[in-house]
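From a predicted model like this one, the values you see are computed outputs, not experimental measurements. For ligands, and for the atoms within them, numbers begin at 1 and follow the listed sequence.
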Amino acid sequence: ALLPILNYPDPRLRTIAEPVKEVTAEIKTLIADMIETMYDAQGIGLAASQVDRHIQLIVMDLSEDKSQPRVFINPKVTPLVEEKQPYEEGCLSVPDVYDKVERPTKVRIEALDENGDKIDEEVEGLLAVCIQHEMDHLNGVIFVDYLSRLKQTRARDKVRKVIKIREKQS
Ligand SMILES: O=C(O)C[C@@H](Cc1ccccc1)C(=O)SCC(=O)c1ccccc1
Ligand SMILES: [Zn+2]
């Protein structure tokens, strides 16, 4: 089922996510719903925080044909290099706002997958950017927090406009 995505600056997006204790049937349903919601919203990642579920769960699919969804449960991300790289980020909770954010170029991801099996990978490129962006969501951080006050104000105004247009369309 499609889930409603919280929009910036909704304070619920600032909630710190709790660790997942057990991958229950309910969580497997949530994972399927998040993947469906991510594809519908044309995203490449989605954190549970964005659908108002405050558990440490991220879904991601960087494939062209939306055929390789990945699930990260209780993820831990560790930078492997000091070097940072800028990337033009977007966010499904801040629609139509894109801006450069600098993040460590290479990171280690430790997590569990949807079967409770260990993930332990060193990644760079868009996967490294996206996992750090999603990890921020689980810690109540949104990418606009790294931008200037002026850009944050513009982002709030932009989201307000986009939501109004979407409400008219629905
Ligand atoms: O809000 C989210 O977490 C999803 C977000 C993930 C993300 C994309 C790009 C850089 C960092 C994090 C999105 O999927 S934004 C929409 C999108 O598909 C996209 C935007 C910019 C570059 C590439 C993809
Ligand atoms: Zn986001």
Donor-acceptor side-chain pairing of Q152 and R149 below 3.5 angstrom:
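On atom types as modelled, these side chains qualify, holding a pair under 3.5 Å.
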Would D99 and R154 count as a salt bridge (Lys or Arg N to Asp or Glu O under 4.0 Å) here? Give the steps.
CA-CA 12 Å; D99 216 314; R154 284 196 188 137; over 6 Å; no
With nothing but distance in play, are any N or O atoms of E89 less than 3.5 Å from an N or O of ligand 1?
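No, E89 has no N/O under 3.5 Å of an N/O on ligand 1.
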Any idea which atoms of ligand 1 are less than 4.0 Å away from a heavy-atom of [X]?
| X | result |
| --- | --- |
| Y98 | 20 (C) |
| H137 | 1 (O), 3 (O) |
| G45 | 2 (C), 3 (O), 4 (C), 14 (O) |
| Q50 | 1 (O), 2 (C), 3 (O) |
| C91 | 1 (O), 15 (S) |

Salt-bridge contact R12-D10 (side-chain N to carboxylate O under 4.0 Å):
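Between D10 and R12 there is a salt bridge, with a charged N closer than 4.0 Å to a carboxylate O.
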Do NZ/NE/NH1/NH2 and the carboxylate oxygens of D136 and R103 come within less than 4.0 Å?
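Here D136 pairs with R103 in a salt bridge, since their nearest N and O are under 4.0 Å apart.
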For [atom], find the nearest protein heavy atom and state the residue, atom name and distance (0.1 Å precision).
| atom | result |
| --- | --- |
| atom 1 (O) of ligand 1 | L92 N, 2.8 Å |
| atom 3 (O) of ligand 1 | E134 OE2, 2.7 Å |
| atom 24 (C) of ligand 1 | I44 CD1, 3.8 Å |
| atom 5 (C) of ligand 1 | G90 O, 3.8 Å |
| atom 21 (C) of ligand 1 | E88 O, 3.7 Å |
| atom 18 (O) of ligand 1 | Q42 O, 3.3 Å |

Looking at E88, I want to see if its CD is surrounded by more than 12 non-hydrogen atoms of other residues, nucleotides or ligands under 6.0 Å.
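More than 12 within 6.0 Å, yes.
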Other residues, nucleotides and ligands only: do more than 12 of their heavy atoms fall within 6.0 Å of CD on E82?
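Not buried by this count: 12 neighbours or fewer within 6.0 Å.
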Heteroatom of H133 nearest to the Zn ion (ligand 2) (N, O or S, atom name):
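Among the N, O or S atoms of H133, the one closest to the Zn ion (ligand 2) is NE2.
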Is it true that V129 and L62 fall in one hydrophobic cluster, defined by side-chain heavy atoms closer than 4.5 Å?
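V129 clusters together with L62.
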Do the side chain of Q56 and the main chain of A17 share a donor and acceptor less than 3.5 angstrom apart?
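Checked: pair present.
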Work out which heavy atom in A128 is nearest to a heavy atom in I131; give both atom names and the distance.
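That closest heavy-atom pairing would be O-CG2, 3.4 Å.
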With a cutoff of 4.0 Å, is M38 in contact with ligand 1, counting heavy atoms of the residue only?
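Judged by the 4.0 Å heavy-atom criterion, M38 does not count as contacting ligand 1.
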